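First the structure, in the form of structure tokens, and then the observations on it.
Keep in mind that this is a model prediction, so the values were computed, not measured. Chain identifiers are assigned alphabetically (A, B, ...) following the order of the sequence lines, protein sequences preceding nucleic acid strands; residue numbering begins at 1 within each chain.
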Amino acid sequence: MERPVRVRFAPSPTGALHIGGVRTALYNYLFARQHGGKFLVRIEDTDQERFVEGAEEYIYETLHWLGIPADESSEVGGEYAPYRQSERKEIYAKYIQILLEKGHAYYAFDTKEEIEDLRNRLEAAKSTNPSYNALTRQQMKNSLTLPAEEVQRRLEAGEPHVIRLKTPPREEIRFHDLIRGAQYIHSSTLDDKVLIKQDGLPTYHFANVVDDYLMRITHVFRGEEWLPSAPSHILLYQFFGWEAEMPLFAHLPLILAPDGSKLSKRKASEYGIPVFPLFWHNHETQEDIKGYRENGYLPEALINFLALIGWNAGTEQEIFSLEELVPLFKIEQIHKAGARFDIEKAKWYNEHYLRHKDNTELASLLIESSLLTPEGGISAELAGKLVVLMKDRATFPADMWQKVPYLFHAPTEFDATVTGDSKKWHDEAKNFIKELSEKLTDFTQDWTAESIKHFIHEVAEAKALKVGKFMQAIRTATTGAGQGPDLMLILEILGKTETQARWARVEHI
RNA sequence: GGUCUGUUCGUCUAGGGGUUAGGACGCGUCCCUUUCACGGAUGAAACACGGGUUCGAUUCCCGUACGGACUACCA
């Protein structure tokens, strides 16, 4: 009875993948790996009107970037191909026939206007279930109410129609959700879902059940938004006689905006939260939107952060690699309530992984982050030094050069909390800096942080002065900022000539 | 409106009939440090409300309030 675990991530290529979808994919991946099963990606492209060019490639690029690729997909193929629903049309046609023959589905010829009329009437009458359902279908134009000959005639004449699920009027539907436990829903609250649309393609409700069955899916992880329609899916499994092979369901809590509402694109940008994993160009609005990757988030940080939204190992551990997550992930530990997105914590994870990253790797990330900017083409040598200088004070790779503009341009403004403070900025300090610049002419050693430090100390000692008293003044005169990373390393990066020039200018500050 | 679903520090969460209700992010203070940051230490900060059940409820039950999802020939 134990079947090999097979889970699927079933995104719809209607635009860039949403961050919530990324988490769903991650949970699917973790579960599959843990059980030595298969993780598949099935493209749910049955809505031709909403199809967006490039969206499918985007999904795969995201999974590759995060290191959670699919075992079977429309990209790599697999035993149960095709994995694109638009290519499975005949399969659905065959299976809907079974339902039709068994009397669990029926043809409906109603126009959109007629359906809208029905809803308006029912709402006006304060119906508790104002929909096309087991009760109201009696008043509509369908193969249940029309004479068989007329149905036949309409079908042969090619009249537009849909095929609907014949929901039983009074039946308790029960199923077990792995996260929420036992679910009981009365069929009288359901509607007769459209299974096959007028264009001949199936709706999600139908395609998803048929495909999950055919692809031997054992567990369905999907967003909470599917919970209300799950009973209709259960009905489908029952009508097909597939209960024994029905997958177990786990409806994941939603990821919410900081204010507790749905994390929409608009809401997200309002709070400075990226919603997309990668860069996305919206052809409709001509909008370019940066993703987590372009913002400088590391994949391991995103994975760790996402995994902990709505799930917890039950320990006090906060840092998990993908590999660590695999054996630990438990459905029972998935939270029921929606979780608000906390960008500060995401940044903290990024800082953590940044600090633990290999310097060479960081240097190439840094260079990459500068490529399309005026500073572009930061040399490997400079990048290496910047990493040492800035690793501990950066949230994103680009911070390592963006937070030190004075390394690229001499400052024109100087921190007034220093230059305006007579205890920190006085003639003695200015004279000392001036002297440093003059003495630098005779400096012949290698220009390194170490030798520079030695030099400054020597000059100070010769005059019986304490260096500490001038350090902040030197820093401000050099960088314009009263605070920052290691000054000696900054001077080393600046080079002797530039350092001397900046120091020489001290009297004009 | 209806159906479903949820509610522990500001946020993510652990816990579960008797606990000083634990951790993390963020915030405050201190230490380290030439500054800042890192790091370390430390502090403030929560069981939505009302009824039960019970010797005892934050924990179990029922309501209330407040969220959220769904209510398409979209997924």
Side-chain angles (χ1 to χ4, degrees), chain A residues 10-14 21 44-47 49-50 85 108 110-112 115-116 119 123 126-132 160-164 177 179-180 183-186 188-191 193-205 207-208 222-231 251 253-254 256 258-262 305 308-319 333 335-349 351 355 390-394 403 415 418 424 453 456 466-476 479 481-488:
Chain A
S12 180
T14 53
E44 312 249 334
D45 57 348
T46 55
D47 186 353
E49 278 174 30
R50 294 210 309 156
Q85 289 185 330
D110 316 271
T111 64
K112 299 219 178 199
I115 292 169
E116 200 168 315
R119 185 168 31 244
E123 275 170 9
K126 298 235 184 324
S127 158
T128 53
N129 182 9
S131 66
Y132 203 120
H161 65 273
V162 300
I163 300 175
R164 284 181 183 270
D177 184 275
I179 296 173
R180 289 147 211 283
Q183 306 287 311
Y184 304 91
I185 290 93
H186 199 86
S188 63
T189 64
L190 266 28
D191 63 341
K193 293 226 176 317
V194 169
L195 266 18
I196 301 290
K197 296 179 281 182
Q198 208 179 101
D199 64 7
L201 282 167
T203 57
Y204 169 88
H205 303 110
N208 133 272
R222 50 160 46 157
E224 189 187 340
E225 69 268 27
W226 294 109
L227 204 46
S229 56
H251 289 95
L254 266 17
L256 309 171
D259 63 7
S261 68
K262 196 174 162 183
F305 172 65
L308 273 291
I309 297 185
W311 172 84
N312 186 287
T315 64
E316 290 179 354
Q317 186 176 350
E318 300 280 341
I319 302 297
Q333 284 161 327
H335 225 236
K336 293 188 185 74
R340 297 177 199 217
F341 196 100
D342 182 6
I343 194 70
E344 290 306 320
K345 193 143 189 184
K347 286 181 184 168
W348 176 77
Y349 272 113
E351 287 163 358
R355 286 200 294 275
M390 296 295 290
K391 189 176 187 175
D392 284 344
R393 41 224 310 146
K403 283 189 171 174
D415 190 339
V418 176
K424 294 172 178 168
K453 186 171 188 175
I456 294 175
K466 285 184 77 182
V467 182
K469 207 176 164 190
F470 304 126
M471 271 308 181
Q472 203 174 16
I474 300 174
R475 170 186 295 282
T476 308
T479 69
Q483 54 187 52
D486 186 66
L487 183 56
M488 299 310 140

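A side chain to side chain donor-acceptor pair (under 3.5 Å) with A/H251 is found for one member of A/R222, A/Q183, A/E224 and no other, namely A/R222.
If you take atom P in B/C47 and the same atom in B/C12, they sit 16 Å apart, rounded to whole Å. Rounded to the nearest Å, the gap between the P atom of B/C49 and that of B/C66 is 15 Å. If you take atom P in B/U54 and the same atom in B/C61, they sit 16 Å apart, rounded to whole Å. B/G43 and B/G26 have their C1' atoms separated by 14 Å, with the value rounded to a whole Å. Taking atom C1' on both B/A45 and B/C25, the two are 13 Å apart, rounded to the nearest angstrom. B/G22 and B/U53 have their P atoms separated by 31 Å, with the value rounded to a whole Å. A gap of 12 Å separates the P atoms of B/G2 and B/U64, to the nearest Å. Taking the C1' atom of each, B/G23 and B/C4 are spaced 33 Å apart, rounded to whole Å.
In this structure, OG in A/S229 is found 6.0 Å from NZ in A/K193, a value given to the nearest 0.5 Å. To the nearest 0.5 Å, atoms OG1 (A/T111) and CD (A/Q198) are separated by 9.5 Å. Interatomic distance, A/I309 CD1 to A/L254 CG, rounded to the nearest 0.5 Å: 11.5 Å.
Here the P atom of nucleotide B/C38 and the CD atom of A/Q483 are 12 Å apart, to the nearest Å. Computed from coordinates, the A/D177 CG to B/A69 C1' distance equals 13 Å when rounded to whole Å. A/Q183 has its CD atom 12 Å from the C1' atom of B/G6, to the nearest Å. Going from atom CD of A/Q198 over to atom P of B/C74 covers 10 Å, rounded to whole Å. Distance, A/N129 CG to B/A72 P: 10 Å, rounded to whole Å. Between the C1' atom of B/A24 and the CG atom of A/N312 lies a distance of 10 Å, rounded to the nearest Å. Look at NZ on A/K345: it is 10 Å from P on B/C12, rounded to the nearest Å. Rounded to whole angstrom, the span from the NE2 atom of A/H205 across to the P atom of B/A75 amounts to 8 Å.
Of all nucleotides listed (B/U3, B/U34, B/U5), B/U5 comes nearest to the side chain of A/E224. Side-chain atoms of A/D392 lie closest to B/C38 of the nucleotides B/C74, B/U3, B/C38. For A/I185, the side-chain atoms get nearest to B/C4 when compared with the rest of B/C73, B/C4, B/G6. Nearest nucleotide to the side chain of A/V194, out of B/C73, B/G68, B/G1: B/C73. The listed nucleotides are B/A75, B/A72, B/G10; the one nearest the side chain of A/R119 is B/A72. Closest to the side chain of A/R475, from the set B/G22, B/G68, B/U35, is B/U35. For A/A337, counting side-chain heavy atoms from C-beta on, the closest listed nucleotide (B/A24, B/U7, B/A75) is B/U7. Side-chain proximity of A/A339 to the nucleotides B/G10, B/U5, B/U13 is greatest for B/U13. Of the listed nucleotides (B/U3, B/G68, B/C25), B/C25 has the atom at the smallest distance from the side chain of A/E344.
B/G28 and B/U42 make up a base pair, with Watson-Crick or G-U wobble contacts both under 3.5 Å. Base pairing of B/U7: its partner is B/A65, meeting the Watson-Crick or G-U wobble criterion (both donor-acceptor distances under 3.5 Å). Pair check for B/A21 finds none; no Watson-Crick or G-U wobble contact set falls under 3.5 Å. Judged by Watson-Crick or G-U wobble contacts below 3.5 Å, the nucleotide B/A57 has no partner.
Of all non-hydrogen atoms in A/L201 and A/T46, the two that sit nearest each other are CD1-O, 3.6 Å. Of all heavy-atom pairs between A/A207 and A/Q85, the closest is CB-NE2, 3.4 Å.
For the residue pair A/S131/A/N129, the side-chain donor-acceptor check at 3.5 Å is satisfied.
Closest-nucleotide positions on RNA chain B for A/Q85 and A/P253 were compared, and the one nearer the 5' end corresponds to A/P253. Across the interface with RNA chain B, nearest-nucleotide mapping of A/T128 and A/G310 shows A/T128 to be the residue nearer the 5′ end.
Dashed line: the shortest gap from a side-chain N or O of A/K336 to OP1 or OP2 of B/G68 is not under 4.0 Å. Contact annotation: A/R164 side-chain N/O to B/C73 OP1/OP2 distance is under 4.0 Å. For A/R222 and B/A75, the shortest distance from a side-chain N or O to OP1 or OP2 is not below 4.0 Å. Contact annotation: A/R340 does not reach the phosphate of B/G10 (side-chain N/O to OP1 or OP2, under 4.0 Å). At B/A75, one or more side-chain N or O atoms of A/T46 fall inside 4.0 Å of OP1 or OP2 (strictly under the cut-off).
Heavy atoms of A/E318 sit under 4.0 angstrom from at least one base atom. In this structure, A/G260 reaches the sugar-phosphate backbone alone: every heavy-atom distance under 4.0 Å involves primed, P, OP1 or OP2 atoms, never a base. Contact annotation for A/D110: base contact, defined as any heavy-atom pair under 4.0 Å involving a base atom. No contact: A/D199 has no heavy atom under 4.0 Å from any strand. Among the heavy atoms of the strands, none lies under 4.0 Å from A/V467. Across all strands, A/H335 comes closer than 4.0 Å only to sugar-phosphate atoms, never to a base (heavy-atom distances).
At a cut-off of 3.5 angstrom, counting only N and O atoms as typed in the model, there is no donor on one side facing an acceptor on the other between the side-chain of A/K262 and the base of B/A69. A donor-acceptor contact under 3.5 Å is formed by the side chain of A/R50 with the base of B/C74.
In this structure, A/D342 contributes its side chain and A/P258 its backbone to no donor-acceptor pair below 3.5 Å.
Environment of NZ in A/K262: sparse, with no more than 12 heavy atoms of neighbouring residues, nucleotides or ligands closer than 6.0 Å.
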